[in-house]
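Report on one structure; see the data block that follows.
Order of the sequence lines fixes the chain letters, A, B, ..., with proteins taken first and strands second; residue numbering starts at 1 for each chain. Bear in mind the structure is a predicted one, so any value in this text is a computation, not a measurement.
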Amino acid sequence: MVNFDQDQVQKSKMRSFLVQLDQDDNNSNDDNYNYHQSEKKRRLLPKQVEFLEKSFEVENKLEPERKVQLAKETGLQPRQVAIWFQNRRARCKTKQLEKNYDVLKASFDKLKTQYDCLFKENESLRNEVNLVKKSFIHYLNI
DNA sequence: GACGTTACACATTTTACATCA
DNA sequence: CTTGATGTAAAATGTGTAACG
C-alpha cells in the first residue's frame, strides 16, 4: 500500500502537471473535452488514451519498465498509467463476462426451445397412447 | 515462520460529461 | 435558452491478498 506522504506529493505533482497541461493546450482541441480540468481532476487526453489503448492491445499487463516508458510517452505519472491499466483490465473483464453471458444465454434459449418442443411432442404422444388404451379397453368390454 | 514490500483484483467513491424534461 | 435532475463512464481510492526476498 502507498505511503501517505508519497501520495500527497504525487497528488500535488499531479495537480501542477494538469495545470501546466491546461495552459499548454487549452485551445487546440475538442471543445467539450478538457477545458475544465485545471486544478481538479483529470480525464485523460484523447491522445494519451490512444497511446495507452494501443499498448494495452499488445499486452494487457505492465512490466515496470514499460510503465515508466509509457508514462514518459504520455506525460502521465507512472501511477496513473498503472491505474489506467488496472481499470482497463477490469473493463475488459466485464465486457468478456457479458459476452460469455450472451453465448451462454443463447445456448440456453436454444436448449429450452428444444425442450419445449420435445415436451409437447411427448404430451401428444401420451395422449395418443391414452386414446389407444381407451379404445382397446372399450374393445375388450364389448 | 514472521516481517515488510509490491503489484494486483475487486469493490467503491468521486468526478466529468451527456441527456433531457 | 438555462438550469437542475439523473445516468453513465472513467479516474482514483481503499481493502484484501498473493508472491517475493
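Residue A:R91 has no polar side-chain atom (N or O) positioned under 4.0 Å from OP1 or OP2 of C:dA9. One finds no side-chain N or O of A:R79 lying less than 4.0 angstrom from the OP1 or OP2 phosphate oxygen of C:dA11. Under 4.0 angstrom from either OP1 or OP2 of B:dA9 there lies no side-chain N or O belonging to A:K93. In this structure, A:W84 reaches the C:dA11 phosphate: one of its side-chain N or O atoms is under 4.0 Å from OP1 or OP2.
In this entry the distance linking CG of A:L44 with C1' of B:dA16 reads 12 Å, nearest Å. Atoms CD (A:Q77) and C1' (C:dT13) sit 16 Å apart, rounded to a whole Å. Between the CG atom of A:N60 and the P atom of B:dC8 there is a distance of 10 Å, rounded to whole Å. Per the geometry, CD1 belonging to A:I83 stands 6 Å off P belonging to C:dA12, to the nearest Å. Computed from coordinates, the A:F85 CZ to C:dA10 P distance equals 15 Å when rounded to whole Å. Rounded to an integer number of Å, the gap from A:K61 NZ to B:dC8 P is 7 Å. Atom CD in A:Q86 sits about 20 Å away from atom P in C:dA9, given to the nearest Å. Atom CG of A:L62 and atom P of B:dT6 are 17 Å apart (whole Å).
For the 3.5 Å distance criterion, the side chains of A:Q69 and A:E73 qualify, holding a donor opposite an acceptor. In this model, no donor atom of one side chain and acceptor atom of the other lie less than 3.5 Å apart for A:E123 and A:N127.
Taking CG of A:L76 as the reference point, atom CG of A:L52 lies at 6.0 Å (rounded to 0.5 Å).
Of the possible donor and acceptor atoms, one in the side chain of A:R66 sits under 3.5 Å from a partner among the backbone N and O of A:K61.
Among the nucleotides C:dA11, B:dA16, B:dA9, the one closest to any side-chain atom of A:R89 is B:dA9.
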